[in-house]
Structures are given as structure tokens and as C-alpha cells.
Amino acid sequence: MSTGSMKELEARGLVLLGCGKMGSAMLEGWLAQGLPAGAVWVNDPHPSDWLSSTGVNLNMTLPDSPAIVLVAVKPQMMADTLPALAGFGNGNTLFLSVAAGTSIATYKAMLGDQTPIIRAMPNTPAAIARGITAICGNDLATDEHLDMAEALLTAVGQVVRLDGEHQMDAVTAVSGSGPAYVFHLIETLAAAGETQGLSAGLAMQLATATVAGAGALAEQADDDPAQLRMNVTSPGGTTAAALAVLMNEKDGFPALLTRAVAAAANRSKELANG
Ligand SMILES: NC(=O)C1=CN([C@@H]2O[C@H](COP(=O)(O)OP(=O)(O)OC[C@H]3O[C@@H](n4cnc5c(N)ncnc54)[C@H](OP(=O)(O)O)[C@@H]3O)[C@@H](O)[C@H]2O)C=CC1
Ligand SMILES: O=C(O)[C@@H]1CCC=N1
């Protein structure tokens with residue numbers, strides 16, 4: 001994190017509303033990157049053992065003017081939880097939300113129309129600083145606010161700035177939910193290995209290392225994923241036999257994943273419409 005952003009967070013405080021799977025993943029990353037636990041206030045009714053052990057200010061009186069309030073409760077909890085923090089609205093506290101499908105307009109209505117708001121869509125590899133987060137802000141979110149949010153989120157992985165909020169449903173469906181698709185790929189590849197006679201442990205080790213290695217290669221190689229796929233595929237060989245199934249136009253992977261991503265994007269839109 002840049003020294004300026006870190007200093008401001010340390011001086012004014014970071015409030016984390018909701019510290020479940022996503023809040024914990026990010027907090028774990030920030031603490032590992034050197035954000036002092038004393039600069040963090042967490043509101044969460046049932047803190048995990050891990051959270052209690054971190055030394056953050058847990059369910060305590062909040063600072064007067066935190067630099068950032070990070071909203072990481074479920075979209076369905078917003079109406080119950082946000083009013084308690086509305087006093088920080090219309091001021092110089094930046095509201096940074098990671099909630100899927102909760103629009104900037106919704107925050108504006110609940111916090112006041114002079115509130116700087118940034119929507120962010122992170123993902124859980126943030127816990128090991130390998131996340132990717134997309135951000136976009138309202139017209140009150142200044143360059144300094146965006147820089148501070150980016151500095152905070154860069155500590156847990158890559159950050160991309162969106163052209164506008166209209167891209168958020170698609171982003172949520174690709175990278176926000178995406179780790180779950182990849183974990184399911186690992187599960188199903190391992191299960192398929194078991195069907196071929198491998199032990200559960202060996203099949204899982206092979207599947208996990210293959211997905212991790214292929215992901216790292218895709219990131220580091222000069223070749224694009226299509227070329228990397230072809231590099232594995234010998235004419236008339238084993239990979240070609242598998243890809244004939246997976247790349248089947250009608251019921252193969254592309255059709256399936258297109259449907260899955262569309263379902264996630266549609267759900268994101270539904271959440272936004274209440
Ligand atoms: N998980 C993911 O991969 C991603 C999630 N997100 C977004 O992050 C947000 C959180 O999701 P996720 O972490 O998965 O969900 P979780 O349910 O794991 O986390 C939500 C947390 O909020 C707590 N909470 C409930 N009520 C309150 C309250 N009144 N005040 C403060 N905290 C409260 C919950 O406590 P309790 O469990 O005790 O009710 C829980 O610890 C969602 O909006 C989601 O859209 C975004 C990107 C990725
Ligand atoms: O499933 C969800 O709604 C959240 C948003 C993206 C990942 N998890």
C-alpha cells in the first residue's frame with residue numbers, strides 16, 4: 001500500500017462492516033501486508049476465532065471520521081446494517097462496497113447524495129494477495145479516493161478501473177463468482193480421475209496442481225490460452241479426444257459456461273432491483 005494511503009488509514013481508521021468470507025479474505029491480506037490491526041474497526045455480530053485473534057477493534061465504538069467504511073455484508077442485509085453508519089455519509093468518509101448487486105444509487109439513497117461511494121468487486125484469492133478487484137466510483141469519489149481504494153485493494157491483488165457501473169454485473173459473473181467455477185473444475189476433474197481408478201488423494205493432488213500450474217502458465221506465458229491449449233494437444237492424441245467432448249458446440253464447455261455466467265449476471269441484476 002502507498003505510504004500516503006497507509007498513513008491516512010492509520011490516522012483515521014478503516015471500518016469493516018461484515019467480516020465473513022470476503023471481508024476476512026481481504027483483512028487477512030491487509031494485515032499480512034502491514035496494516036496495523038489497531039487501525040481497523042470491525043462490526044460483525046459473530047466474530048470468528050481468527051478475527052478475534054487479530055487484535056482489530058471488534059464491535060467497539062467507531063472512530064469519529066474513518067477514512068474508509070468498507071461494506072462487506074450480504075446485499076440482503078444492507079437495509080438492516082447501513083442506517084447505523086449513515087452518520088458518516090455526506091462527509092469525507094469514503095464508502096467502499098464489495099456487495100454484489102447493490103447499486104451506487106441505493107447507497108446514495110441510504111447515506112445521502114453527497115457521499116463519496118466506490119463499488120468494488122473483489123474475489124477470495126485476495127486472502128493470498130492473488131485477487132482481482134474491479135472498481136468504479138460515483139461523481140463524488142475523487143481521484144484521491146480512487147487512488148486510496150486502489151492502494152488498499154492492490155495490497156490483495158490486481159485492481160482494474162471500470163468505465164462505469166454498467167459493467168459490474170458482468171464483472172461479478174466472471175471474476176467475483178469465478179473462483180467458485182474453478183474450484184468446481186478441480187472437484188470434478190478429481191472425481192473424474194477417481195472414476196478412472198485413482199485414489200481420492202492422488203486425484204485431488206493431480207487436479208489441484210494442474211489447475212494452479214495451468215493458471216500460472218496462462219498468466220506468465222507470451223502465448224494466449226488458445227495457443228497454450230494447442231500446445232497440449234497432439235494430433236490424434238488423448239487431449240484431442242477429451243476436447244472433442246469439452247468443446248462440443250451444443251453441450252460442451254463454452255455453451256455451459258456462457259449459460260452459467262449469464263445466470264450469475266442476471267442474478268446480480270435481480271439483486272440490484274430488490
Ligand atoms: N464470497 C465471495 O467470494 C465474494 C463476496 N462478495 C460480496 O461480499 C459480501 C459478503 O459476502 P460473504 O463474505 O461471502 O458473506 P458472509 O456471509 O460470509 O459475510 C457477511 C458477514 O456479515 C456479517 N453480518 C451479518 N449481519 C451483520 C450486521 N448487522 N452487522 C455487521 N455484520 C453483519 C455476517 O455475520 P453472520 O454470518 O453471523 O450473519 C458475516 O460474517 C456480499 O455482499 C457479497 O456480494 C463480493 C465478491 C466475492
Ligand atoms: O455469490 C455471490 O453473490 C457473491 C458475489 C460474487 C461472489 N460471491
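For clarity, every value in this text was computed on a predicted model and none was experimentally measured. Sequential numbering from 1 along the given sequence is applied to the chain's residues.
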Side chains of [X] and [Y]: does their closest heavy-atom pair fall under 4.5 Å?
X	Y	value
T81	L17	yes
L271	T102	no
M78	T106	no
P125	P179	yes
D64	R12	no

Nearest-0.5 Å distance that lies between atom [atom1] in [X] and atom [atom2] in [Y]:
X	Y	atom1	atom2	answer
L217	L228	CG	CG	5.0 Å
W30	L70	CH2	CG	4.5 Å
L85	N43	CG	CG	6.5 Å
I118	I104	CD1	CD1	8.5 Å
N123	M26	CG	CE	10.5 Å
R229	D224	CZ	CG	9.0 Å

Of D147, D143, T142, the one forming a side chain to side chain donor-acceptor pair (under 3.5 Å) with H145 is T142
Between N138 and R119, do the side chains contain an N or O donor and an N or O acceptor separated by less than 3.5 Å?
no
**Y107-S97 side chain donor-acceptor pair, cut-off 3.5 Å** = yes
Under 4.5 Å between side-chain heavy atoms, hopping through other hydrophobics if needed: is there a path connecting [X] to [Y]?
X	Y	answer
M110	L16	no
I117	M77	yes
L62	L82	yes
V73	V56	no
V156	V159	yes

Please walk me through it: do V69 and L94 pass side-chain contact (heavy atoms from CB on, under 4.5 Å)?
CA-CA 6 Å; V69 170; L94 170 67; over 6 Å; no
When you look at [atom1] of [X], are more than 12 heavy atoms from neighbouring residues, nucleotides or ligands closer to it than 6.0 Å?
X	atom1	value
H46	NE2	no
R130	CZ	no
E249	CD	no

Note to self: Quick test of your reading of the model: are E270 and R267 salt-bridged, counting only N-O distances below 4.0 Å?
What the structure shows: yes
Between C136 and the options Q167, M121, R161, E165, the side chain to side chain contact (heavy atoms under 4.5 Å, CB included) test singles out E165
